[in-house]
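What you see is a predicted model, and the numbers here were worked out from it, not measured in a lab. When a ligand or atom number is given, it counts from 1 through the structure's own listing order. Along the sequence shown, the residues carry numbers beginning at 1. Reckoned from all heavy atoms, side chains included, excluding hydrogens, waters and symmetry mates.
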Amino acid sequence: MNSDLQKAVDQVVKDFAVDKELLIKATDEFVYSMTQGLKTEVPAKEYLPMIPTYVTGIPNGKEKGLFLAADLGGTNFRVCSVHLKGDHTFDLKQSKSEVPKDYMQGVEATADTLFGFLAAKVKEFLDEHHKDSVDAADEKLKLGFTFSFPVNQTDLNKGTLIRWTKGFDLPDCVDKDVVDLLQKHLDLLETNVHCAALANDTVGTLLSRAYSNDPEKSNAHTVIGAIFGTGTNGAYYETLENIPKLKGMVINTEWGSFDNTLKISPNTKYDKVVDKETANVGYHLFEKRISGMFLGELLRVILMDLFERSLVFEQLYKQRGGSLPHRLTEPWLISGEVLSYLEIDDSTDLKMSQLVLENHLRLPTTKEERLAIQAITRAVSNRAAYLSAIPLAAIVKKVKDQYKDCTKDFEVGCDGSVVEFYPGFQAKILEAVALIDPLEGSDKKIHIRIAKDGSGVGAALCASVAK
Ligand code: BGC
C-alpha cells in the first residue's frame with residue numbers, strides 16, 4: 001500500500017480502537033444510566049429509557065396453546081402462528097413480506113397505509129393457514145404484536161410510539177397507540193383477532209429463549225434478551241426493589257440510546273456524518289456505532305473521505321469520466337452482508353473481495369484499495385462487537401445478585417443478522433466481556449445463545465399471559 005494511504009488507514013484503525021479502559025468505564029456508566037433511567041418518570045436524554053413492559057414473569061417452558069404473532073422490526077414484516085406445546089418446544093408457521101420503502105418513509109407514508117398493509121398481511125396469513133379454525137372459534141385468536149421501536153408502554157397491550165428508528169419515518173404515528181392502530185385495521189378487515197400483547201423484539205427474544213432453555217440441561221439461566229441486527233437493544237428481568245417507579249417486570253432498556261450525550265462513546269468524524277444522515281439525529285447514537293444498518297454506511301463514509309483526499313479510486317474516477325458508482329456515493333446502499341464477506345476474505349490478492357465489490361457495489365478495485373477496504377471493515381466491525389459487550393456486561397453486573405444463591409451460568413438469548421451471521425462477531429463480544437469481567441471472582445460463565453424465531457415465539461408467549 002502506498003505510504004499516504006497506509007497512514008490514513010492506520011489512523012482509521014486507531015480511531016476505531018476500543019481498549020479495556022474504555023470498556024470498563026462505559027460499563028460503569030451503563031449501570032449508572034440504567035439505575036437513573038429506572039428512577040426517572042419522564043425519559044431524559046442522558047439516561048437509558050428503561051421502559052417497563054408489563055411482562056411480570058419469565059416462562060418456564062410449560063406454557064401451552066395456539067397464538068398469533070405479528071412482527072415489525074425492520075425491513076420485513078412477519079406473521080406467525082405458534083403452537084406452544086408446554087415442554088420447551090413449539091410448532092411454528094410463518095410468512096414474511098418486505099415492507100415497501102414507500103410505507104416506511106416519504107410523503108405517502110402514513111399510519112393508515114402502514115398499518116393497513118400489516119393488517120392485510122395478517123388476514124392473508126390466516127386465510128392461508130387457519131381459515132376454518134379461526135372463523136369458527138367463539139373467542140378471538142390472541143395476537144402478540146412485536147413492534148421493535150421505542151414505545152412508551154403503559155400496559156401489556158398499550159403503548160405509544162416515542163420515535164421511529166432504523167430508517168422508518170412516519171410522523172403521524174408518533175405519540176399514537178400502536179396497538180390501537182393495528183387493531184383498527186384488523187377490525188376493518190373483519191379478522192377474528194384480538195391484539196392482546198405488545199412486545200419489543202428483545203422482550204420476545206428473552207421470553208422465547210427462556211421458554212426453550214431448560215436450566216437443568218443447559219446449566220444456565222437466561223438473563224438477557226438481546227438483538228444485534230438492523231438495530232440493537234436488550235431486555236432483562238428487574239426485581240421490585242430496583243424499580244421504585246413500578247413493580248418487578250421485564251425492562252426494555254432501549255440501549256440503542258445509551259450515552260446520547262456522548263460522554264464516553266467514541267465519536268469519530270465519520271460517526272458525525274452518519275448521524276446527520278438519519279431521521280433521528282442525536283438519538284440512538286450507541287446503535288449507530290453497533291448495528292447492521294450502520295456498519296455499511298460507516299465504511300462508505302470512510303471510503304468517500306479517502307477518495308476526497310485522493311487516496312483511493314482515482315483511476316476509476318478518471319476512467320468513468322468524473323464519477324463513482326452510485327452505491328458508493330449514495331447513503332445506505334452498502335449492506336452489512338457485504339462487510340461480512342470482506343471481513344473474512346483470505347484469498348490471494350483478496351480476489352473474493354474483488355468479486356463481492358464488483359457484484360454488490362459495481363465497484364472495480366485495485367489490490368491496494370481492497371487491502372485498505374478490508375482493514376477499515378475490520379476496524380468498524382471490531383469496534384461494533386467490542387461496544388456490544390458493554391450492555392451485556394453491565395446488565396450481568398446489575399442482575400448477578402438475583403442469582404447469588406445459585407451456581408448456574410448466565411446466558412444471553414440473542415437474535416439478529418449481525419450476531420447470527422457476521423463472522424467472528426460473537427467471539428469478539430465475548431472477548432470484550434472477558435476484559436470487563438463483570439462476574440469478577442466467580443466461576444460462572446456468560447454464554448451467547450441464538451434464540452431462533454425469538455420475536456415471534458416471544459410475542460406469542462406475551463399473548464399467552466394476556467387476558
Ligand atoms: C429499536 C428497539 C429495537 C432494536 C432492535 C432499535 O432501533 O429502538 O426498540 O429493539 O432496534 O430491533
- Task: Anything under 30° is parallel, anything over 60° is perpendicular, the rest tilted; go ahead and classify Y103 against F117.
- Result: perpendicular
- Task: May I ask you to test the V412-I395 pair for a side-chain heavy-atom distance under 4.5 Å?
- Result: no
- Message: Using heavy atoms and a 4.0 Å limit, tell me yes or no: is P150 in contact with ligand 1?
- Response: yes
- Query: Hey, is D271 close enough to R383 for a salt bridge, meaning N to O under 4.0 Å?
  - Reply: yes
- Message: For atom 11 (O) of ligand 1, what is the closest protein heavy atom, and at what distance to 0.1 Å?
- Response: K166 NZ, 3.0 Å
- Note on the structure: Taking only non-hydrogen atoms of N200 and a 4.0 Å limit, the atoms of ligand 1 in range are 2 (C), 3 (C), 9 (O), 10 (O)
- Using a strict cut-off of 4.0 Å, indicate which atoms of ligand 1 neighbour a heavy atom of T165. 1 (C), 6 (C), 7 (O), 8 (O)
- Should T202 be counted as touching ligand 1, given the test is an N or O pair under 3.5 Å? no
- K64, NZ atom: more than 12 neighbouring heavy atoms under 6.0 Å: no
- Quick one: which of L68, D71, L92 gives a side chain to side chain contact (heavy atoms under 4.5 Å, CB included) with C80? L92
- Message: Need the ligand 1 atom indices (1-based, order shown) with element for anything under 4.0 Å from a heavy-atom of H284.
- Response: 1 (C), 6 (C), 7 (O), 8 (O)
- Measure the acute angle between the ring planes of F168 and W164, then classify it against the limits of 30° and 60° as parallel, tilted or perpendicular. parallel
- Atoms of ligand 1, numbered as shown, that sit under 4.0 Å from any heavy atom of E254: 1 (C), 2 (C), 8 (O), 9 (O)
- Query: With the threshold set at 4.0 Å, does a side-chain nitrogen-carboxylate oxygen contact exist between D127 and K123?
  - Reply: yes
- Item | Atoms of ligand 1 close to E287 [distance to a heavy atom under 4.0 angstrom, numbered from 1] | 6 (C), 7 (O), 11 (O)
- If you have a sec, work out which protein heavy atom is nearest atom 1 (C) of ligand 1 and how many Å separate them, to one decimal? S148 O, 3.4 Å
- At what distance is the nearest protein heavy atom to atom 12 (O) of ligand 1, and which residue and atom is it? D201 OD2, 2.6 Å
